[in-house]
Amino acid sequence: MKQVSDSCFAVLNEKNRVCDANSGLINRGGGVVIDTQSDLSHSRQMIEMFSKVWTKMPRRVINTHEDGDHVWGNQLFEGAEIIAHRSVPERMKDVANPKETQKLLHGVGRLLTRVLLKALHPGIVAAGQQLRQDYNFDGIELALPGTLFDTRYELDLDGVEVHLIYVGPCHQVGDTIIHVPRERIVFAGDVLFRQCTPMGWTGSYEKWFQCLDLIVQLDPAVIVPGHGPLCGIEGVVEMREYLNYVRDESKKCYDAGLTSLDASKRIEFGPYGKWRAPARLYMNVERAYRELRNEAPDAPWDTAGTFDAIYKVARAKGIQVEY
Ligand SMILES: [Zn+2]
């Protein structure tokens, strides 16, 4: 946990791989937690850290979007008001259903299932094995947000204003950033990945660029990304450059008739090869392809196929398979 301003704190997951999401804390006005971690044990550790700067249970929880790694600790905040964009509760039932992930982790834990599954879906097995190193999804039950908003929601925490600004869909449908103007802090959720390769699910490049531009305009001194270490504006600029680069390279490969998988194998990582899990590039290429094919930004993903494709890209590039 790091203090980032008078009343704001960041809880950072240093491994910075898939599911290693950050949380934010504000220790005034009843206490606010922003995103609740990927499993109950990580969420409990975060509550323990928070107790050093706010002794009571926080009165409010904000979910920056619907992905499991940001909402799977919600149930531990009994009695708290959970706030999110209006789309989030329904989307959580769809994309953050803990049953699937629980089944997967138990499956890859059993030798026979693992062997059978590996022949079909090497990427799913690799991702499941990686997750088993740090996570246990047992016992998670969805606790849905009950306070919902459409474009903007404001809190007054004993005189400190907190603005929730809806910016989706860029990385996911419910994307919301949290701005604390007086303290020049932005909690960006997953519209910002830092030193790890962004994983975008539902949304468009255009929306994502607009959102990154908005963060720059807000002129924060510190940004807490959804994944990765703290940064200033330079983190936003760097991610914008990455997305721009991938979109441009994807267009060239698309015009040359390559599939999105072959394009991902061909596109150079460049300076972004130093980021965590560079083969997640595939998701950004596939998103560019969807736009080039005029497909809807909310066209569903084949999750197993996606994890397999990332596996294949890592193998083709001769790098460690990592998610
Ligand atoms: Zn995330």
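Values below: every heavy atom of this structure, side chains too, minus hydrogens, waters and symmetry copies. Start at 1 and go down the list; that is how both ligands and their atoms are numbered. Residue numbers count from 1 along this sequence.
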Parallel, tilted or perpendicular: ring planes of His70 versus His227, cut at 30 and 60 degrees = perpendicular
Is any N, O or S atom of His70 under 2.8 Å away from the Zn ion (ligand 1)?
-> yes
Which N, O or S atom of Asp190 lies nearest to the Zn ion (ligand 1), by name = OD2
Here the gap from Thr306 atom OG1 to Tyr323 atom OH, rounded to the nearest 0.5 Å, amounts to 10.0 Å
Output yes if His227 passes the N/O/S-under-2.8 Å test against the Zn ion (ligand 1); output no otherwise.
-> yes
Walk me through it: do Arg276 and Glu322 pass the test salt bridge (Lys or Arg N to Asp or Glu O under 4.0 Å)?
-> CA-CA 8 Å; Arg276 275 287 198 188; Glu322 185 179 60; 2.4 Å; yes
Shortest-distance N, O or S atom of Asp69 relative to the Zn ion (ligand 1) = OD2
Over 60° means perpendicular and under 30° means parallel, so classify the ring planes of Phe137 and Tyr135, tilted if in between.
-> parallel
